[in-house]
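Throughout, residue positions are numbered sequentially from 1 according to the sequence presented. These numbers were taken from a predicted model, which means no experiment stands behind them.
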Amino acid sequence: AEAVGHLLTVEDTAVEFHLDRAWRTHADALFAQAVDDLGLRKALCKSFDLAWLSACLALQRTAKVVGILFREQRPVPRIVPDFEPAIRLAQPADTDAVAAIDEHLFDSPEELQQIVREQHLFLFERGSDLLGFGLFLPVIEGRPDHDIGMLVNARFRGHGLGKFILQHLAEHCRSQGLRPVAGCEAGNLASRRSLEAVGFVADHRLVEFLLR
């Protein structure tokens, strides 16, 4: 049999549904069949995924926005923080320092170590102080979209460093031929404002559907 798409699930929740273009007219029926066969109760759908969005709307009992998605970035003036940090890629020896200021951005020490090994984590320093870090992770291996995120050490917040880190990550991605994208929880106004300050446009949503 020839594969024409895929469905990713986490427990009883669908988190990704993709069909080859020739099969997208069958998205409603195929997703409905998968929901029944697998006993799925929820779907986390990105609003730009139109074929899947339509299939979820056909089956929904309730829907709510749980995240804000940023896929486009407009040019803005360069961000100048109160003090400009030194920037470098993290090395394996840095993981303890990163973990010491982390606020649950990483699911486990092993995840942090892997991100460092794959050189997807930048450190922002002033002297011996770790001011913060920024990461850029592939959304799907082999594709240009990279999700960017950052954390500023609580001791150094309020100096414009978060916006500076985000701008640096976006510029780095584009210099490597990658597409920077981002997201935040629907209620996280601080993150949304920081992303919008560096030009990202909040034009899509992550929607949680409770299915039939």
Side-chain angles (χ1 to χ4, degrees), residues 46 65-139 143-206:
K46 301 174 179 67
V65 173
V66 296
I68 309 297
L69 305 177
F70 305 81
R71 292 177 58 80
E72 303 296 336
Q73 186 183 22
R74 298 170 180 162
V76 297
R78 184 162 184 80
I79 304 296
V80 180
D82 292 343
F83 37 83
E84 191 157 344
I87 307 169
R88 65 180 177 87
L89 283 167
Q91 302 299 317
D94 298 313
T95 55
D96 286 346
V98 172
I101 68 168
D102 180 37
E103 297 176 0
H104 310 296
L105 218 62
F106 306 102
D107 291 336
S108 67
E110 292 75 22
E111 182 190 35
L112 169 57
Q113 292 162 8
Q114 180 179 352
I115 291 171
V116 169
R117 284 196 305 270
E118 294 174 352
Q119 296 195 311
H120 288 308
L121 187 72
F122 279 104
L123 302 186
F124 296 77
E125 300 170 314
R126 184 177 66 166
S128 60
D129 290 324
L130 177 57
L131 306 179
F133 58 80
L135 62 162
F136 58 105
L137 303 175
V139 177
R143 296 188 185 179
D145 288 8
H146 275 57
D147 188 33
I148 66 171
M150 64 81 189
L151 183 140
V152 175
N153 187 333
R155 293 168 50 209
F156 300 102
R157 290 174 185 164
H159 296 282
L161 288 166
K163 300 179 186 69
F164 177 83
I165 293 173
L166 289 170
Q167 190 171 64
H168 175 82
L169 293 170
E171 291 174 352
H172 174 77
C173 285
R174 285 194 297 272
S175 74
Q176 302 300 308
L178 306 173
R179 180 188 184 190
V181 298
C184 66
E185 293 182 0
N188 192 337
L189 296 180
S191 290
R192 177 172 180 171
R193 289 180 184 131
S194 292
L195 286 160
E196 290 178 332
V198 298
F200 280 99
V201 181
D203 53 358
H204 287 288
R205 302 293 183 267
L206 180 64

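Interatomic distance, H172 NE2 to I87 CD1, rounded to the nearest 0.5 Å: 11.0 Å. Separating the CD atom in Q91 from the CD atom in Q119 is a distance of 6.5 Å, to the nearest 0.5 Å. Taking CG of D96 as the reference point, atom CG of D102 lies at 12.5 Å (rounded to 0.5 Å). Between the CG atom of L195 and the CG atom of L69 there is a distance of 11.0 Å, given to the nearest 0.5 Å.
Considering only residues two or more places apart in sequence or on other chains, N153 meets the side chain to side chain contact (heavy atoms under 4.5 Å, CB included) condition with I101, R155, F156. Taking the salt bridge (charged side-chain N to carboxylate O under 4.0 Å, His left out) definition, one finds that R205 meets it with nothing, sequence neighbours left out. Among residues two or more places apart in sequence or in another chain, the side-chain hydrogen bond (donor to acceptor under 3.5 Å, both in side chains) test is passed with D94 by R88. For R174, the side-chain hydrogen bond (donor to acceptor under 3.5 Å, both in side chains) partners two or more places apart in sequence, or in a different chain, are Q73. A search for salt bridge (charged side-chain N to carboxylate O under 4.0 Å, His left out) contacts involving R143 returns nothing, not counting sequence neighbours. Residues meeting the side chain to side chain contact (heavy atoms under 4.5 Å, CB included) test with A97, sequence neighbours left out: L130. Partners of P85 according to the side chain to side chain contact (heavy atoms under 4.5 Å, CB included) rule, which considers only residues two or more places apart in sequence or in another chain, are P81, F124, L131, L161, F164. For P109, the side chain to side chain contact (heavy atoms under 4.5 Å, CB included) partners are Q113, not counting sequence neighbours.
Screening residues 175-202 for ring-ring contact (aromatic ring centres under 6.0 Å, His included), with sequence neighbours left out, gives no hits. Residue pairs satisfying the ring-ring contact (aromatic ring centres under 6.0 Å, His included) criterion with at least one member in residues 69-94, sequence neighbours excluded, are listed as follows: F83-H159. Within the structure, ring-ring contact (aromatic ring centres under 6.0 Å, His included) contacts touching residues 96-118 (residues at least two apart or in different chains) are F106-F133.
For the residue pair V198 and K163, the shortest heavy atom distance occurs at CG1-O, 3.4 Å. Closest heavy-atom contact between P138 and H146: N-CD2, 3.5 Å. When all heavy atoms of L123 and A90 are compared, the pair lying nearest together is CG-CB, 3.8 Å. Taking both residues in full, the closest heavy atoms of A202 and I68 are given as CB-CG2, 3.6 Å, listed atom of the first, atom of the second, then distance. When every heavy atom of I165 is checked against every heavy atom of L151, the shortest pair comes out as CD1-O, 4.3 Å. When all heavy atoms of L135 and L137 are compared, the closest pair comes out as CD1-CD1, 3.6 Å.
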Let me have the donor-acceptor pairs involving side chains of residues 176-190, under 3.5 Å, with sequence neighbours excluded, atom names and distances please.
unit_1, atom_1, unit_2, atom_2, d
R179, NE, R71, O, 3.4
R179, NH2, R71, O, 2.9
R179, NH2, E72, OE2, 2.9
N188, OD1, S191, N, 3.1
N188, OD1, S191, OG, 3.3
N188, ND2, S191, OG, 3.0

- Query: When you look at D147 and F136, which way does the side chain to side chain contact (heavy atoms under 4.5 Å, CB included) test go after all the steps?
  - Reply: CA-CA 5 Å; D147 188 33; F136 58 105; over 6 Å; no
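The side-chain heavy atoms of L166 and I79, taken from C-beta on, include no pair separated by under 4.5 Å. Inter-residue side-chain proximity for E171 and R78 is flagged as met; some heavy-atom pair is nearer than 4.5 Å.
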